[in-house]
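What follows is a set of notes on a single structure, which appears directly below.
As the structure lists them, so they are numbered: ligands from 1, and atoms in each ligand from 1.
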Amino acid sequence: MMKSYTATAHGPEAGRIDVEGYSIEFKAPKGGTIQALANTNLTIEAGSFVSLIGPSGCGKSTLLNAVGGFLQGTTGTIKLDGIEVDGINPEVGVVFQQYALFPWFSALGNVEFSLKRFNLGKQERRERAMAALKEVGLEGREHNFPGQLSGGMRQRVALARTFVSEPKVLLMDEPFGALDAQTRIVMHEILLQVWEAHRATVLFVTHDVDEALILSDRAHIMSSAPGRIIETIEITTERPRRAEAATEEFMNNRNHIIGLLRKPELETH
Ligand SMILES: Nc1ncnc2c1ncn2[C@@H]1O[C@H](COP(=O)(O)OP(=O)(O)O)[C@@H](O)[C@H]1O
Ligand SMILES: [Mg+2]
């Protein structure tokens, strides 16, 4: 089988994101507007793993959805590898908290579906999908339907389905928020393995400080109302990292971030 896999078109330099002076307003339900993001600036290096942390309602999902091209801003620009985002881009993959799997397709069917847009033969598509499921530890479960899989397994299918098309960027909006602590630890390990193998840029939204510190190269802390980035934390501790065997850096970062999140909104402005 010498057929080239058209999905692996990007190199390790791909997936840089530049958010510049970006604002978004929504219509408020009772009239007027809600400023969800105000003059937000953010640079994300290609291939890095970056988290957004902030209180509920501060605009994390809004920013993520804007990067994904699902929303339009009122001012500013978002660029992916220097090109302005102006709609949904197939090179950007998304994993949400809700399992957006097709319930009528098996795990394998779900992963194969995301390869439909590539010019692959049926056999190669199957092989790629099987390999992706193996990568997330689901070998032997490929013929199960989502309803027959645990929450963690469904998110692993969602991850395989996204990574199999080799996106430049992976957007994850509280993807493990519905999982128990034990399952979440396993998911962190799998996600980091897959990320290291594929090197997409990951933008990961969470309100769990430890989760951000375990996973990311950088954590951007957001303030609420209107949302913007108030501080960026570089995380240098080698992976794998463990919250229960935290290093000094981990503890310091955790205390610092929790302190920032506790501050009354006015103090951060
Ligand atoms: N489609 C929408 N219409 C109106 N208001 C919205 C919409 N989406 C988000 N908002 C508002 O924008 C703010 C930021 O929301 P969101 O990005 O979902 O926050 P987070 O993900 O940090 O919890 C909130 O005040 C929210 O109510
Ligand atoms: Mg959200």
Where ligand 1 meets [X] - atom numbers and elements under 4.0 angstrom, heavy-atom basis:
| X | value |
| --- | --- |
| Ser56 | 23 (O) |
| Lys27 | 4 (C) |
| Thr62 | 14 (C), 15 (O), 16 (P), 17 (O) |

key: Under 3.5 Å: N/O of Ala36 near N/O of ligand 1   = no
Closest heavy-atom approach to atom 14 (C) of ligand 1 among Ala66, Gly57, Gly54 is made by Gly57
Checklist entry - Would a line drawn from the ring center of Phe113 to the ring center of Phe102 be shorter than 6.0 Å? => result yes
With Met130 as partner, the option from Leu108, Val164, Val111, Leu138 fulfilling side chain to side chain contact (heavy atoms under 4.5 Å, CB included) is Leu108
Tested for side chain to side chain contact (heavy atoms under 4.5 Å, CB included) against Val205, the lone hit among Leu171, Leu52, Asn65, Leu63 is Leu52
- prompt: Step by step, would you call Ser106 with His143 a side-chain hydrogen bond (donor to acceptor under 3.5 Å, both in side chains)?
  reply: CA-CA 5 Å; Ser106 66; His143 297 299; 4.9 Å; no
Closer than 4.0 Å: a protein non-hydrogen atom to atom 27 (O) of ligand 1
no
Q. Do Leu133 and Glu139 have side-chain heavy atoms sitting under 4.5 Å apart?
A. no
Is it the case that the side chains of Thr206 and Glu211 hold a donor-acceptor pair, with the cut-off being a distance below 3.5 Å and no angle test? yes
* Short side-chain donor-acceptor distance under 3.5 Å, Glu231 and His256 -> yes
Original post:
Does the shortest distance from the Mg ion (ligand 2) to an N/O/S atom of Ser61 fall below 2.8 Å?
Top reply: yes
The closest protein heavy-atom partner of atom 2 (C) of ligand 1 is Phe26 CD2, 3.5 Å
protein heavy-atom neighbour closest to atom 18 (O) of ligand 1 works out as Ser61 CB, 3.8 Å
- Of all the heavy atoms in Cys58, does at least one lie under 4.0 Å from an atom in ligand 1? yes
